[in-house]
Structure formats: structure tokens, C-alpha cells
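Below, all heavy atoms of this structure are taken into account, side chains as well, without hydrogens, waters or symmetry copies.
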Amino acid sequence: RLIFYLTRQGEALAGTTSITIPVANPDLGGLGEVATAHEFRRRGIAYRLCERARDEFREAGGKAIFLATGNGVARRVYTRLGWQRLANANVMACIAGGASAEEFMVDYFGQPADATVRPASAAERVPMIPLLINPHDWQVLDANVVGMHSTRQVLQNSCMGLYTRYTKAITAGKGTWFCARTSDGRLVGLSTVCLDDEGGCCVDGFAHRNFMEVWEDLIQA
């Protein structure tokens with residue numbers, strides 16, 4: 001689901017934001033498209049739009065909204081609305097109920113469940129965010145076209161854009177990717193397969209440390 005918010009000043013479009021909510025994971029949301037027209041800046045428009053998106057998400061039962069920004073001014077606005085910056089990332093999370101982002105991540109991945117592997121799709125766009133910004137022990141998570149590293153090692157600047165890094169292989173017609181989902185819908189692992197220019201096939205992938213039993217299935221897929 002993509003919910004788009006906008007505000008007008010007379011006939012002029014003054015500001016926008018949007019929130020993406022996966023149907024299978026309505027606890028999670030991804031905020032984006034936050035923009036204010038130059039002539040309407042410094043009037044609190046972005047603040048009010050993000051506040052409304054946050055509040056309506058929570059009223060529907062949502063628990064965590066993620067976004068990414070390297071803009072210090074924008075970060076101050078998000079901080080006032082309850083977003084917290086995650087370690088070694090320009091990604092921020094707003095957690096319902098006042099819990100810290102770290103507490104949410106520990107609880108989210110701490111609940112045991114069986115996981116199965118399937119072909120990945122756009123349904124992974126938001127659920128992949130907590131998985132990829134989690135500080136994994138492995139330095140390199142995926143050495144294929146995504147070039148994904150643990151936030152323990154490399155600053156992560158992306159959030160909603162992580163999905164497009166995984167679809168590069170598909171759009172180039174040289175590969176695909178797979179995901180591991182728990183029985184309650186959490187995304188706990190990803191893998192990719194890509195053909196190189198010399199006819200070789202490169203496979204890589206990772207799983208959250210609490211669900212390592214699914215790693216072999218990811219690679220085998």
C-alpha cells in the first residue's frame with residue numbers, strides 16, 4: 001500500500017510525503033517523498049505532513065516507520081517527531097510506544113519461528129529494511145551486484161532505495177533473488193544469483209544470526 005499526502009497553498013502544491021506499508025507486514029512502514037516547494041519552506045509543512053503520516057500509521061496498528069536522510073535540517077524535524085537514528089546509518093526509525101529502535105530490532109528478530117525460502121518480490125521492499133540495517137557479524141552480506149555490507153563495517157545511507165539495489169540483477173536480465181520468511185511473515189534472509197560476462201554464475205546471500213538454519217536453503221535456491 002502506498003499512501004500519498006499533500007498540502008496546497010491556494011492552487012499551488014506546497015508539500016508532499018508518502019508512506020509505503022507492506023500488506024503482509026503492516027507493522028512496518030517506509031516514509032519517503034518528503035518535499036516542500038522552495039517558496040513555502042520554513043512554515044512547518046513537512047513537519048505536519050510527516051506527523052499526520054506517522055499518526056495514521058500508528059492508529060492502524062503500525063509499530064515502526066523507517067526513513068533515510070543525510071540532511072541535518074531534515075533530521076532535526078524527524079527527531080522532533082520521534083525518529084531515532086540507527087547506529088552507523090543515515091537511517092532513522094520511529095517506534096510506537098516509546099521503545100528505542102534498538103529494543104524494537106532485538107524484539108523483532110528475537111522471536112523464534114520456522115523460515116522458508118521463496119522467490120523475492122516487491123513485497124520485500126519495506127521488510128528488508130530492518131534486516132539490512134541490523135548490525136550483522138558478517139562483514140559482507142552479499143558480494144553480488146547489491147554489494148551489501150554489515151552496518152558494523154560500512155555506513156548505510158539507503159532505506160527505501162535498498163530494494164532497487166536488489167532488482168538490478170533482474171532488470172539487467174542476468175539474475176534473480178530469493179528471500180527467507182518466517183511463518184509469521186518476518187523477512188530474515190536474502191540471497192542473489194547473477195551471471196557474469198564470462199558465463200559464470202555467482203551466488204551469495206545471508207541470514208539473520210537467529211535464523212542461520214535457513215542460510216543453506218537460501219544458497220541452494
Side-chain angles (χ1 to χ4, degrees), residues 1-7 14-38 40-111 123-136 148-165 185-187 208:
R1 299 177 56 212
L2 177 63
I3 304 171
F4 190 74
Y5 298 84
L6 62 86
T7 186
T16 64
T17 192
S18 68
I19 185 167
T20 303
I21 306 171
V23 174
N25 303 81
D27 287 351
L28 307 177
L31 195 77
E33 314 304 334
V34 181
T36 305
H38 181 75
F40 298 114
R41 291 179 180 172
R42 300 190 181 279
R43 301 186 187 181
I45 289 173
Y47 182 96
R48 292 192 295 274
L49 285 169
C50 293
E51 181 180 42
R52 179 168 176 177
R54 179 202 66 184
D55 291 349
E56 291 187 358
F57 174 76
R58 288 180 173 178
E59 288 167 6
K63 295 180 180 178
I65 313 175
F66 298 92
L67 62 84
T69 181
N71 184 313
V73 175
R75 189 177 291 135
R76 286 194 291 273
V77 172
Y78 297 132
T79 300
R80 287 167 53 203
L81 286 165
W83 267 270
Q84 310 162 43
R85 185 177 178 181
L86 290 149
N88 206 30
N90 283 325
V91 179
M92 305 181 77
C94 185
I95 311 301
S100 71
E102 289 74 16
E103 288 173 327
F104 172 81
M105 299 285 277
V106 170
D107 182 65
Y108 184 75
F109 290 109
Q111 303 168 44
E124 274 63 68
R125 185 177 185 184
V126 177
M128 71 195 312
I129 298 170
L131 175 63
L132 289 170
I133 62 174
N134 192 72
H136 299 275
M148 197 63 63
H149 295 77
S150 170
T151 54
R152 290 189 191 277
Q153 307 291 334
V154 177
L155 179 72
Q156 180 56 257
N157 290 307
S158 190
C159 180
M160 293 297 285
L162 291 167
Y163 171 71
T164 59
R165 292 171 65 172
R186 289 169 290 155
L187 185 65
H208 189 278

Kindly say whether [Y] contributes a backbone atom to a donor-acceptor pair with the side chain of [X] at under 3.5 angstrom?
X	Y	answer
Thr36	Phe40	no
Arg75	Thr79	no
Trp83	Val77	no

Any side-chain heavy atom of [X] sitting closer than 4.5 Å to one from [Y]?
X	Y	result
Thr7	Arg48	no
Ile21	Ile3	yes
Tyr108	Asn134	no
Met148	Gln156	yes
Tyr5	Ile19	yes
Val126	Met160	yes

Only pairs under 3.5 Å count here: list side-chain donor-acceptor contacts from residues 26-33, not counting sequence neighbours, and write none if there are none.
none

Salt bridge (charged side-chain N to carboxylate O under 4.0 Å, His left out) partners for Arg41, two or more places apart: none
Taking salt bridge (charged side-chain N to carboxylate O under 4.0 Å, His left out) as the test, write out the residues that go with Arg52, two or more places apart. Glu56
Of the non-hydrogen atoms in [X] and [Y], which two are nearest, and what is the gap between them?
X	Y	answer
Thr164	Gly161	OG1-O, 2.7 Å
Asn90	Leu155	ND2-CD2, 3.9 Å
Asn88	Arg152	ND2-C, 4.3 Å
Leu132	Thr151	O-CG2, 4.1 Å
Pro22	Ala123	CB-O, 4.2 Å
Ile45	Ala14	CD1-CB, 3.8 Å

Which distance, rounded to the nearest 0.5 Å, do you find between the [atom1] of [X] and the [atom2] of [Y]?
X	Y	atom1	atom2	value
Thr16	Leu6	OG1	CG	7.5 Å
Leu86	Ile133	CG	CD1	4.5 Å
Leu67	Cys159	CG	SG	6.5 Å

Going by the angle between their ring planes, with limits at 30° and 60°, are His208 and Phe109 parallel, tilted or perpendicular? parallel
Side-chain donor-acceptor pair present, Asn25, Arg186, cut-off under 3.5 Å: no
Who passes side chain to side chain contact (heavy atoms under 4.5 Å, CB included) against Val73, sequence neighbours left out? Asn71, Arg76
The complete set of ring pair (Phe, Tyr, Trp, His ring centres under 6.0 Å) pairs with one or both residues in residues 41-75, sequence neighbours excluded, reads none
Side-chain polar contacts of residues 92-104 - donor-acceptor pairs under 3.5 angstrom, sequence neighbours left out - could you list them?
unit_1, atom_1, unit_2, atom_2, d
Ser100, OG, Glu103, N, 3.0
Ser100, OG, Glu103, OE1, 3.4
Glu103, OE1, Ser100, N, 2.9

